[in-house]
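All remarks here apply to the structure that follows.
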Amino acid sequence: MKYTTRQSAILLLSDGTIFHGKSIGISGKTFGEVCFNTGMTGYQEIFTDPSYFGQIMVATNAHIGNYGVNDLEIESDSVKIAGLVCKNFSFNYSRVDSTGSLEDYFAKQNLICISDVDTRALVSYIRDNGAMNAVICTDGTSIEDLKIELANVPNMEGLELASKVSTTEPYFFGDENATYKISALDLGIKKNILRNLAKRDCYIKVFPYNSSYKDLAEFNPDGYFLSNGPGDPDPLFGAIEVAKEIIKNNNPLFGICLGHQVIALANGVQTYKMFGGHRGINHPVKNIITGKGEITSQNHGFAVKREALEGHPELEITHVHLNDDTVAGMRMKNKNCFSVQYHPEASPGPHDSSYLFDQFIDNIKLATAKTM
């Protein structure tokens, strides 16, 4: 391997803190909210997860790119993170079923990446000071100019981003002869959610984020699904109205992540922006109903207010995050509706929570039996 000189690069945080590193070779600058993921594998799934849209990702794993990329290991059709910060970027890769290098993958989509950063110090700083906006610069723009541009980047709180990642036209997924039909509202849906539903004998019609309840109901579905996605749930007025209609009609409803927050808002329960958020594939959750623990995949910077949920007469908490006691799941007492804050589709991540998809199918079967 020949020695090559790489361009110096910086990560500038909105509070003025600077971290130095090297460019992987793609010149430019990119802005977003800086956050970190503690997963030790699954970087391609993370980079293509629509929930990360608008965020600069810090990888805590020391090596990124070492196993290349695979065309099948994607959660959407393109990279969704705003940029990547890592310690060691591997230009060489080794894996039997790799289809290319991460370097080429980023180059095709012009994703800005800074490596050789002290990511342990950076993650510690974010833990202490919270998630904040930042810019990665690899083109030599002056610090003063970067500060001016960074000051104009909107904060994540109050930011509607589902429209940036949702499908623009409805589409189908799965076998049209499947037993169950699902209407899914795409707020930034991951492909592995669709795979999990299809694997359970479901035919899914995926609708744009701004679709109405009437649109979803015209498919005559057996159940409804509200997906994960990026940004603040508060501005999603249309999705909240859809959730209200589904709940009013007592249709089987399942929500994940942003969909979970939308269901809370549809019930008048507030959400809030977290100090740092939860992102990784090793988060401990307790299922209060069964008493069992689960290791989960999580990716969210907003959460449902626990005190408001506990005071709601028609809702109950079903899962709690064991690190900070935040709400990780809930269900309605008198409606066929439940949701979780984390990712049971586990891509990447453990499969402890895949039973939730089975629970959704069981709820559909129960609702179907009552109407017969």
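This structure is a prediction, so every number in the text was calculated from the model and none was measured. Values reported hereafter were calculated over all heavy atoms of this structure, with side chains retained and with hydrogens, waters and symmetry mates removed.
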For Asp145 and Lys147, what are the C-alpha separation, side-chain angles and deciding distance, and is it a salt bridge (charged side-chain N to carboxylate O under 4.0 Å, His left out)? CA-CA 5 Å; Asp145 286 344; Lys147 286 182 178 179; over 6 Å; no
Go through Phe254 and Gln359 one step at a time and tell me if the side chain to side chain contact (heavy atoms under 4.5 Å, CB included) criterion holds. CA-CA 9 Å; Phe254 180 25; Gln359 182 178 321; over 6 Å; no
Kindly indicate, with the supporting measurements, whether the criterion side chain to side chain contact (heavy atoms under 4.5 Å, CB included) is fulfilled by Val135 and Thr30. CA-CA 6 Å; Val135 54; Thr30 185; over 6 Å; no
Does the pair Asp232 and Lys273 meet the rule for a salt bridge (charged side-chain N to carboxylate O under 4.0 Å, His left out), with working shown? CA-CA 8 Å; Asp232 192 334; Lys273 188 167 190 316; over 6 Å; no
Run Lys335 and Glu316 through salt bridge (charged side-chain N to carboxylate O under 4.0 Å, His left out) and show every step you take. CA-CA 12 Å; Lys335 298 287 186 179; Glu316 63 179 340; over 6 Å; no
Show, in sequence, the C-alpha distance, side-chain angles and deciding distance for Phe360 and Asp358, and conclude whether the side chain to side chain contact (heavy atoms under 4.5 Å, CB included) test is met. CA-CA 5 Å; Phe360 182 40; Asp358 299 321; over 6 Å; no
Please lay out, stage by stage, how Leu216 and Tyr224 fare under the test side chain to side chain contact (heavy atoms under 4.5 Å, CB included). CA-CA 8 Å; Leu216 273 66; Tyr224 293 80; 3.7 Å; yes
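Between Glu45 and Lys80, none of the side-chain N atoms (NZ, or NE/NH1/NH2) sits under 4.0 Å from a carboxylate O, so this pair counts as no salt bridge. Ion pairing of Arg120 with Asp118 is absent here, as no side-chain N (NZ or NE/NH1/NH2) approaches a carboxylate O to less than 4.0 Å. For Asp222 and Lys365, the salt-bridge test fails: no basic side-chain N is under 4.0 Å from an acidic carboxylate O. Ion pair Asp116/Lys87 not flagged as a salt bridge, since none of the NZ, NE, NH1 or NH2 atoms sits closer than 4.0 Å to an Asp/Glu carboxylate oxygen.
In this structure the side chain of Lys22 reaches within 4.5 angstrom of the side chain of Ser8, judged on heavy atoms. Put simply, the side chain of Cys35 reaches to within 4.5 Å of the side chain of Met57, judged on heavy atoms. Looking at heavy atoms from C-beta onward, Leu265 lies in side-chain contact with Asp234 at the 4.5 angstrom threshold. By the 4.5 Å heavy-atom criterion applied to side chains, Asp186 and Tyr209 are not counted as neighbours. With a 4.5 Å cut-off on side-chain heavy atoms, Tyr203 and Phe219 count as touching. Contact check for Cys337 versus Ile246: no side-chain heavy atoms found under the 4.5 Å cut-off. Contact check for Glu33 versus Ile56: no side-chain heavy atoms found under the 4.5 Å cut-off. By the 4.5 Å heavy-atom criterion applied to side chains, Ser183 and Phe207 are counted as neighbours.
For the atom pair CD (Glu157) and CZ (Phe302), the distance works out to 6.0 Å, reported to the nearest 0.5 Å. Atom OG of Ser354 is separated from atom CG of Asp352 by 8.0 Å, given to the nearest 0.5 angstrom. Expressed to the nearest 0.5 Å, how far CG of Asn37 lies from CG of Asn282 amounts to 8.5 Å. To the nearest 0.5 Å, atoms CG (Leu102) and CG (Leu111) are separated by 8.5 Å. Taken to the nearest 0.5 Å, the NZ atom of Lys248 stands 8.5 Å off from the OH atom of Tyr213. Separating the CG atom in Leu150 from the SG atom in Cys137 is a distance of 11.5 Å, to the nearest 0.5 Å.
With hydrogens and angles disregarded, no donor-acceptor distance shorter than 3.5 Å links the side chain of Ser14 to the backbone of Met132. Of the possible donor and acceptor atoms, none in the side chain of Glu241 sits under 3.5 Å from a partner among the backbone N and O of Lys244. Put simply, the side chain of Asn334 never gets that close to the backbone of Glu314: no donor and acceptor are under 3.5 Å apart. With Thr167 contributing its side chain and Pro208 its backbone, the two residues share no donor-acceptor pair below 3.5 Å. Counting only distance, with no hydrogens or angles, the side chain of Asn152 and the backbone of Ile148 share a donor-acceptor pair below 3.5 Å. Proximity of a side-chain donor or acceptor of Tyr67 to a complementary backbone N or O of Thr41 within less than 3.5 Å is not detected. Put simply, the side chain of Thr48 gets close to the backbone of Gln44: a donor and an acceptor are under 3.5 Å apart. A donor-acceptor pair is defined here as one N or O able to donate and one able to accept, closer than 3.5 Å; such a pair exists between the side chain of Asn70 and the backbone of Asp97. In this structure, Asn336 contributes its side chain and Asn363 its backbone to a donor-acceptor pair below 3.5 Å. Checking side-chain atoms of Thr17 against main-chain N and O of Leu13 turns up no donor-acceptor pair under 3.5 Å.
At a cut-off of 3.5 Å, with distance as the only test, a side-chain donor of Arg6 or Ser115 sits close to an acceptor on the other residue. Residues Asn287 and Tyr355 have side chains that bring a donor and an acceptor to within less than 3.5 angstrom of each other. In this structure, a donor-acceptor pair under 3.5 Å is absent between the side chains of Asn92 and Ser90. Inspection of the Ser51 and Asn228 side chains reveals an N or O donor paired with an N or O acceptor under 3.5 Å. A side-chain donor-acceptor contact under 3.5 Å links Thr179 and Asp201. Judged by distance alone, the side chains of Asp49 and Asn299 do bring a donor and an acceptor atom under 3.5 Å apart.
When all heavy atoms are compared, the tightest approach of Ile112 to Thr138 is CG2-CG2, 3.7 Å. Closest approach of Met40 and Ile281 over heavy atoms only: N-CD1, 4.2 Å. In terms of heavy-atom proximity, Phe275 sits nearest to Ile126 at CE2-O, 4.3 Å. Ser353 approaches Tyr342 most closely through the heavy-atom pair OG-CE1, 3.2 Å. Closest of all the heavy-atom pairs between Ile263 and Phe338 is CD1-O, 4.2 Å. Shortest non-hydrogen contact noted between Cys86 and Thr119 is C-CG2, 3.7 Å.
Of the candidates Lys190, His283, Gln298, Glu75, His343 forms a side chain to side chain contact (heavy atoms under 4.5 Å, CB included) with just one, namely Lys190. With Gln261 as reference, Gln341 is the one residue of Gln270, Gln341, His300 to meet the side chain to side chain donor-acceptor pair (under 3.5 Å) rule.
Linking Ile, Leu, Val, Met, Phe, Trp and Tyr whenever their side-chain heavy atoms come within less than 4.5 Å leaves Ile256 and Leu187 in two separate clusters. Put simply, Met330 and Phe357 are part of two different groups of oily side chains (I, L, V, M, F, W, Y) that touch within less than 4.5 Å, one to the next.
Identified under the ring pair (Phe, Tyr, Trp, His ring centres under 6.0 Å) test for residues 92-146, with sequence neighbours left out: Phe47-Phe106.
The aromatic ring centres of Phe173 and Tyr171 sit 6.0 Å or more apart.
In this structure Ser339 satisfies the side-chain hydrogen bond (donor to acceptor under 3.5 Å, both in side chains) test together with His260, sequence neighbours excluded.
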